[in-house]
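Remember, it's 1-based here, ligands and their atoms both numbered in the order they're listed. All residue numbers in this chain count up from 1 along the given sequence. Only this structure's heavy atoms are used, side chains among them; waters, hydrogens and symmetry mates stay out.
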Amino acid sequence: MSKRVRKAVFPAGGLGTRFLPATKVIPKEMLALVDKPIIQYGVEEAIASGIEHIIIVTGRGKGAMEDHFDISYELDATLEKKGKKELLELSRNISSLARISYVRQKEPLGLGHAVLCAKDLVGDEPFAVLLPDDVIDAQVPCIKQMIDVFNEKGGSVLATMTIEGAAISAYGVLAGSQDSANPRIYNCTGMVEKPKLEDAPSKQAIIGRYVLTPAVFELLERTTPGAGGEIQLTDGILALLKHEKVFGYTFEGKRFDAGDKFGMLQATVEFALKRNDLGPKFRDYLKGLAL
Ligand code: UTP
């Protein structure tokens, strides 16, 4: 078994109901954040973290993702003919980003089920999971930070962020104690799904980045559908906790929930402001709004 984290799974089989009507036909993962589909941010993060093989779990109506990461002969030929070199490079670069495989989740039976669909492609080695909705702006890519913790600690790692107050009830929340040497690391003892503020075991909300050991597959296979009739990844990780150490890690950076309308608006404003080509103009525009 390779001990190195070489593969990353992108569960993208969900229905994206929070973003209807935009997601009726267009996969949520293909919605543009400024000028790039949200899944491309995650794919670029994974590649910048040393991942060699991307596995995208797709579903019905998700074909646009495969086309996006493929070569587009017609587009490339037209751009070449028109001498649009920069755009041609942009288009070609996408198709040469990484080795990408696709596996189909026949029914959206939950995040845990989506991850399980990637079992054969992952095999017997540790792997990363990136939820494409979660777009993370960080100096060191979030999944790279987590792979470093995995290599140091030798156990699965869940990304968390600190949430103050009642907003914690929208998340899965980590239970556990802080590592004495590194306050960003937690020794996980459990997880509680969407607790009331008074029941929350910590302020550490679990977000969409994981590094997992392959033992989780067998446990997911044995997991019966939980909340909402879905096979939950959380249940698989809770089962894993009985056999192996699992760690929480408060990543450095800022996470946006781009699968949610408000989160997408926040990400759009912040990412656009950071762009050299758009930022100054956009800043002036925002300043001129009578807010
Ligand atoms: P979400 O619950 O955020 O996504 O799942 P969703 O179900 O697509 O969206 P809403 O809530 O209806 O708006 C988190 C991630 O897990 C994937 C989703 O594609 C998303 O990336 N997922 C979820 C699957 O791949 N399969 C599933 O059965 C469920």
Determine whether the side chains of Glu230 and His113 contain a donor N or O and an acceptor N or O closer than 3.5 Å.
-> no
closest protein heavy atom to atom 4 (O) of ligand 1 is Lys28 NZ, 2.9 Å
closest protein heavy atom to atom 17 (C) of ligand 1 is Pro11 O, 3.7 Å
According to the interplanar angle, ranging from 0 to 90°, do the rings of Phe271 and Tyr41 count as parallel (below 30°), tilted (30 to 60°) or perpendicular (above 60°)? perpendicular
With heavy atoms and a 4.0 Å threshold, my read on which part of His113 contacts ligand 1 is neither
Closest heavy-atom pair, Ala175 versus Pro201, reported as atoms and distance to 0.1 Å, is CB-CB, 3.7 Å
Taking the side chain as every heavy atom from C-beta outward, state whether Val57 and Tyr102 have any pair of such atoms under 4.5 Å apart. no
Less than 3.5 Å between some nitrogen or oxygen of Lys62 and one of ligand 1, yes or no?
no
Of Tyr210, Phe10, Phe217, the one forming a ring-ring contact (aromatic ring centres under 6.0 Å, His included) with Phe127 is Phe217
Numbered in order shown, the ligand 1 atoms found under 4.0 Å of a heavy atom of Gly110 are 26 (N), 27 (C), 28 (O), 29 (C)
min-distance protein heavy atom vs atom 12 (O) of ligand 1 -> Thr17 OG1, 2.5 Å
Item to check | Any Gly16 heavy atom less than 4.0 Å from ligand 1 | outcome: yes
request  = Look only at interatomic distance and state if Pro132 has a nitrogen or oxygen under 3.5 Å from any nitrogen or oxygen of ligand 1.
outcome  = no
Below 3.5 Å, can you tabulate the donor-acceptor pairs from side chains in residues 282-291 to any protein atom, sequence neighbours excluded?
none

### Message
Whether Arg99 and Glu52 form a salt bridge (side-chain N of Lys/Arg under 4.0 Å from carboxylate O of Asp/Glu) is what I want to check.
### Response
no
_Beyond-backbone contact of Arg104 with Arg60, side-chain heavy atoms, under 4.5 angstrom_ = yes
Among non-hydrogen protein atoms, atom 13 (O) of ligand 1 lies closest to Arg18 N, 2.7 Å
All heavy atoms of Phe150 vs all of Pro126, minimum pair found to be CZ-CB, 3.5 Å
Atom 25 (O) of ligand 1 has as its nearest protein heavy atom Gly13 N, 2.7 Å
> Do any nitrogen or oxygen atoms of Leu15 come within less than 3.5 Å of a nitrogen or oxygen of ligand 1?
Replying inline: yes
Ranking Asp134, Leu131, Ile38 by closest non-hydrogen atom to atom 15 (C) of ligand 1, top hit is Leu131
With heavy atoms and a 4.0 Å threshold, my read on which part of Ala114 contacts ligand 1 is side chain
Atom 19 (O) of ligand 1 has as its nearest protein heavy atom Gly14 N, 2.9 Å
What one should report as the nearest heavy-atom pair of Ala272 and Val34 is N-CG2, 3.8 Å
query = Would you find more than 12 non-hydrogen atoms of other residues, nucleotides or ligands less than 6.0 Å from Ile26 atom CD1?
reply = no
For Glu29, the atoms of ligand 1 under 4.0 Å from one of its heavy atoms are 19 (O)
Honestly, for Leu109 the part within reach of ligand 1 (heavy atoms, under 4.0 Å) is backbone
The answer for which part of Leu111 has a heavy atom under 4.0 Å from ligand 1 is both
Extract all donor-acceptor atom pairs below 3.5 Å that involve side chains of residues 84-94 and protein atoms in other chains or at least two apart in sequence.
residue : atom : partner : partner atom : Å
Ser91   : OG   : Asp76   : OD1          : 2.6
Asn93   : ND2  : Glu89   : O            : 3.4

Any heavy atom of Gln105 under 4.0 Å from ligand 1? The part involved is side chain
Short version for Glu107: what comes under 4.0 Å of ligand 1, heavy atoms counted, is neither
For Pro108, the ligand 1 atoms with a heavy-atom partner under 4.0 Å come out as 28 (O)
